[in-house]
Amino acid sequence: MTQDELFKVLVAHCKEYGFIFPSSEIYDGLAAVYDYGQMGVQLKNNIKNYWWEAMTRLNENIVGIDSAIFMHPRIWEASGHVGAFNDPLIDNKDSKKRYRADVLIEDYLGKIEEKIEKEVAKGRKKFGEAFDEAQFRATNPNVLREKAKWDEVHNRYVAAEKANDFAEYRQIIIDCGIVCPISGTCNWTEVRQFNLMFSTSMGSTADGANLIYLRPETAQGIFVNYLNVQKTGRMKIPFGIAQIGKAFRNEIVARQFIFRMREFEQMEMQFFIKPGTELDWFKKWKETRMKWHVNLGMGADNYRFHDHEKLAHYANAATDIEFNFPFGFKELEGIHSRTNFDLGNHQKFSGKKIEYFDPEENTSYTPYVIETSIGVDRMVLAVLSHSYTVEPLENGEERVVMRIPAPLAPIKVAVMPLVKKDGLPELAQKVVDELKYDFSYQYDEKDSIGKRYRRQDAIGTPFCVTVDHDSLVDGCVTVRERDTMKQERVKIEDLRAMIEKKVSLTNLLRNL
Ligand code: ATP
């Protein structure tokens, strides 16, 4: 299966098993908006809990808030979103399809990178043990030719990005012969700026309604509450404020399922620090956040940092944590050193003094900020795409198993009587009563036990507990583990501790 096909299969699987549905489906859907089903919402909540507890419980100096989506419209002027939250868009005149000009160029560069990697893989195969990768990359004519092409386009792209030169974006697209995937032509419009904020109006028009924006990020709700939290919580710098909430962006090209949505959720933390200490804290938060990801056991190789070459004018360091999605390494989380840009601007626009009095140094200053910002939905996609596995079975059949990290699994345990008679359902109910206060569970008595196992594999349930006739006599049940399919007999009263060990969020947090 190609990665593209795998992705299609994953999207279908998510729908079939109640993880994610297209929004408003009976009305033919709404582009780039999705609903979470009965499984998806639990996975999402578990991810949010893992983040929230890691931030607010493991760090004495980080507290959480929940600010409103609607905010005073001046906030978006102060933050720069009214003036500069734009994407460069370009249309193909033949297909009438709209694209992001920067994404077209980046995809083109990505294809060159793929070609280079293919050449290297060929070399590795050809030369076997004697293969010297560094030398191959430095001397192979095909690699050198592609690399030169990459360098040239990349340099032009970076320069155009820095200068906000949209005519040059278009020229690069034309010079590289980048065509529209639908029409196959190079018949492009000019590149235009497009603001990504959704707006609506508040109050009745008779009263003179106010133009209000749906927040494009949760961060500003934190900045405008900086003084409230610092004062009421008696917070001392360094300290952080964390928030999970919805954000809205009118994305031009919303593709790739829940990777790029128009309504999505963010988990953001703003860490307030003394000016001059930002690069040390930036490094510390890079490490802390990477550890949080790797701790889930989805393979350290599947993450990498991508440091930004072009920094926003207010930032003095920025990096992305990229994840190996089915469509390649892409941004999962951003970590930014934002200086005092936001607080400083809110001070200017609101006329309220936003400063911190440092009792040790006996001075006041506007704090600097390190931000960590991760999309909940992208995290859900990372987990789902990594977990989806098709495995051959001994009997020649296949099973689809979602190897979701156990503490994030929507359902932790399934309880099943072997047959629907002889007192087995009653005993199974007793097992449910033993477990339901601690774990999300499903009770299932329909179909053969094999079919029931398959259903649980498909939603990633770490444990299946089967009650059989022997259970009535010895008080033991068969526990089958999802990944190994190993089965063992366990006393009913020992079940809780056994399951807890593997699925508990506490243990996951302890390992951080
Ligand atoms: P991209 O370059 O992919 O558009 P971004 O750099 O604009 O992302 P940020 O503004 O740094 O993203 O937002 C922080 C995080 O929010 C991202 O790392 C991502 O996980 C998430 N995010 C941003 N836009 C979307 C979206 N349209 N759909 C889902 N998640 C998003």
Side-chain angles (χ1 to χ4, degrees), residues 20 23 30-36 40 44 47-48 51 76 79-81 84-89 99-107 109-110 157 161 194-198 214-223 242-270 282 285-286 289-290 292-293 303-312 314-315 317-325 327-338 341-342 369-385:
I20 296 158
S23 156
L30 184 66
V33 185
Y34 290 90
D35 296 337
Y36 284 83
K44 192 167 152 176
I47 289 172
K48 289 197 272 187
W51 185 88
W76 304 110
S79 68
H81 284 82
F85 192 48
N86 299 317
D87 273 348
L89 66 83
Y99 299 89
R100 261 174 67 175
D102 55 338
V103 171
L104 285 179
I105 300 171
E106 277 168 21
D107 285 351
L109 288 169
Y157 174 51
E161 207 184 10
F194 176 77
N195 193 290
L196 298 179
M197 280 200 294
F198 283 102
L214 297 190
R215 65 180 178 199
E217 62 175 28
T218 59
Q220 298 305 324
I222 294 179
F223 292 128
Q243 162 154 252
I244 301 178
K246 288 264 175 152
F248 305 83
R249 294 183 189 179
N250 197 2
E251 299 280 1
I252 302 169
V253 190
R255 278 181 285 148
Q256 294 162 327
F257 196 33
I258 56 170
F259 182 82
R260 191 174 298 288
M261 300 156 91
R262 296 202 165 105
E263 172 180 342
F264 59 101
E265 234 175 324
Q266 290 185 312
M267 307 189 278
E268 297 198 298
M269 194 280 299
Q270 312 293 327
F282 178 69
W285 278 107
K286 268 177 83 169
R289 292 305 303 149
M290 187 56 104
W292 182 90
H293 286 286
Y303 303 87
R304 71 181 187 196
F305 286 115
H306 171 244
D307 294 330
H308 288 203
E309 288 174 36
K310 181 197 175 190
L311 293 173
Y314 52 81
T319 194
D320 296 335
I321 295 181
E322 295 186 335
F323 183 76
N324 190 7
F325 287 100
F327 37 84
F329 274 94
K330 291 272 184 256
E331 172 177 346
L332 172 59
E333 169 159 5
I335 302 167
H336 312 119
S337 171
R338 298 179 71 117
F341 172 81
D342 301 272
V369 170
I370 304 293
E371 161 182 87
T372 73
S373 171
I374 170 172
V376 180
D377 313 272
R378 280 200 194 169
M379 188 61 201
V380 170
L381 184 60
V383 171
L384 288 173
S385 60

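Numbering of ligands and ligand atoms starts at 1, following listing order.
- Side-chain rings of Phe257 and Phe259 stay apart, their centers remaining 6.0 Å or farther from each other.
- Here the straight-line distance linking atom NE2 of His308 with atom CG of Asp320 works out to 3.0 Å at 0.5 Å rounding.
- In the vicinity of Glu333, heavy-atom distances shorter than 4.0 Å reach the ligand 1 atoms 18 (O).
- Residue-to-ligand polar distances keep Glu268 apart from ligand 1: every N/O pair is separated by 3.5 Å or more.
- Heavy-atom distances between Asp377 and ligand 1 stay at or above 4.0 Å for every pair.
- For ligand 1, one of its N or O atoms has an N or O atom of Met261 under 3.5 Å away.
- Gln220 places none of its side-chain heavy atoms less than 4.5 Å from the side chain of Arg215.
- With sequence neighbours excluded, no residue satisfies ring pair (Phe, Tyr, Trp, His ring centres under 6.0 Å) with Phe248.
- In summary, of the residues considered (Arg289, Arg378, Lys286), a salt bridge (Lys or Arg N to Asp or Glu O under 4.0 Å) with Glu333 occurs for Arg289 alone.
- Residue contacts with ligand 1, taken as heavy atom pairs separated by less than 4.0 Å, involve Glu251 solely via side-chain atoms from C-beta onward.
- Counting only heavy atoms from C-beta outward, the side chains of Asp102 and Tyr157 approach each other to under 4.5 Å.
- Heavy-atom separations between His336 and ligand 1 include at least one value shorter than 4.0 Å.
- Using cut-offs of 30° and 60° on the angle between ring planes, the pair Phe327 and Phe325 is parallel.
- For Phe264, there are no ring pair (Phe, Tyr, Trp, His ring centres under 6.0 Å) partners at least two apart in sequence or on another chain.
- At a heavy-atom cutoff of 4.0 Å, ligand 1 is contacted by no atom of Asp320, backbone or side chain.
- For atom 30 (N) of ligand 1, the closest heavy atom belonging to the protein is Phe264 CD1, 3.4 Å.
- Proximity of Gln266 to ligand 1, defined as any heavy-atom pair under 4.0 Å, is confined to the side chain (atoms from C-beta onward).
- Using modelled atom types, one finds a donor on one side chain and an acceptor on the other under 3.5 Å when comparing Glu371 with Gln270.
- Ligand 1 lies out of reach of Glu217, whose nearest heavy atom is not under 4.0 Å from it.
- Here the protein heavy atom with the shortest distance to atom 11 (O) of ligand 1 is Glu331 OE2, 3.5 Å.
- Selection from Arg249, Arg100, Glu322, Met379 by nearest heavy atom to atom 5 (P) of ligand 1 gives Arg249.
- Distance from atom 4 (O) of ligand 1 to its nearest protein heavy atom, with residue and atom name: Arg260 NH1, 2.7 Å.
- Nearest protein heavy-atom contact of atom 29 (C) of ligand 1 is Phe259 O, 3.3 Å.
- The shortest N or O to N or O distance between Gly375 and ligand 1 is under 3.5 Å.
- Residue contacts with ligand 1: Ile258 is placed with no nitrogen or oxygen under 3.5 Å of a nitrogen or oxygen of the ligand (distance criterion only).
- No side-chain heavy atom of Leu381 sits under 4.5 Å from any side-chain heavy atom of Phe323.
- A donor-acceptor pair is defined here as one N or O able to donate and one able to accept, closer than 3.5 Å; such a pair exists between the side chain of Thr319 and the backbone of His306.
- For ligand 1, the atoms lying closer than 4.0 Å to a non-hydrogen atom of Ser373 are 13 (O), 14 (C), 15 (C), 18 (O).
- Ranking the protein heavy atoms by distance from atom 19 (C) of ligand 1 puts Arg378 NH1, 3.5 Å first.
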